[in-house]
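Let me begin by presenting the structure, written as structure tokens, before commenting on it.
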Amino acid sequence: EIAAGRLSKEFSDEVVQYHKHVFHTTGQFHIDEDLLADLPVQLSVGVALITGKNTIAKVPIFADASENDEFVYAVQQCLELIVCPPNYNIIEAGTEGREMYFISSGNCCVVDYDGEVVFEMFPGDFFGEIALIASVPRTATI
């Protein structure tokens, strides 16, 4: 989020200052997979709210709720990072869907039953919401 420029310079500086403080205090620089995991709660919540608002506001059904900090934080806490190899089917048409996906980097292709690409999605795009909203099987293979 910091590298992608989604946080303000001031907020990014706070995160960097915190990690510098930890290094100077402990002599160690240890960051887990999740850069936010080691942050103090107030700073972690702030980052989650800023990044969550940007992500959630792009989803039409969440747009109005994206200004509600409690909602944004609750959704942000449900998000899980997954990394998929190229040509990997994340979801398949006709299967049950219980997840929604947000693309943070790379791209995803919607393919037809013959495996031909019919649409391409990029960072900021999302998919999987139809199965959640309408309680229907997945409508596409991605």
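Numbers here are sequence positions counted from 1. Computed over heavy atoms, backbone and side chain alike; hydrogens, waters and symmetry mates excluded.
- Here the shortest heavy-atom pairing between Leu132 and Met100 reads CD1-CB, 3.6 Å.
- Between Ser105 and Pro123, the closest heavy-atom pair is CA-CG, 3.7 Å.
- The shortest side-chain heavy-atom distance between Val110 and Phe127 does not fall under the 4.5 Å cut-off.
- With sequence neighbours excluded, the residues satisfying ring pair (Phe, Tyr, Trp, His ring centres under 6.0 Å) with Phe71 are Phe62.
- By the 4.5 Å side-chain criterion applied to Ile, Leu, Val, Met, Phe, Trp and Tyr, Val111 is assigned to a cluster that also includes Val117.
- Taking hydrophobic clusters as Ile, Leu, Val, Met, Phe, Trp and Tyr residues chained together by side-chain heavy-atom distances below 4.5 Å, Tyr88 does not share a cluster with Phe122.
- At least one donor-acceptor pair closer than 3.5 Å links the side chain of Asn68 to the backbone N or O of Glu70.
- Of all non-hydrogen atoms in Pro137 and Gly94, the two that sit nearest each other are CB-O, 3.5 Å.
- Taking Phe126 as the reference, nothing meets the ring pair (Phe, Tyr, Trp, His ring centres under 6.0 Å) condition, with sequence neighbours excluded.
- Side-chain atoms of Ile90 and Cys108, non-hydrogen and from C-beta on, do get closer than 4.5 Å to each other.
- Under the side chain to side chain contact (heavy atoms under 4.5 Å, CB included) criterion, Glu96 pairs with Arg98, sequence neighbours left out.
- Residues satisfying the side chain to side chain contact (heavy atoms under 4.5 Å, CB included) criterion with Ala131, sequence neighbours excluded, are Arg138.
- Applying the side-chain hydrogen bond (donor to acceptor under 3.5 Å, both in side chains) rule to pairs touching residues 109-130 yields Asn107-Glu120, sequence neighbours excluded.
- Using a 4.5 Å cut-off on side-chain heavy atoms (C-beta onward), Met121 and Ile142 make contact.
- A search for side chain to side chain contact (heavy atoms under 4.5 Å, CB included) contacts involving Ile130 returns Val136, Thr139, not counting sequence neighbours.
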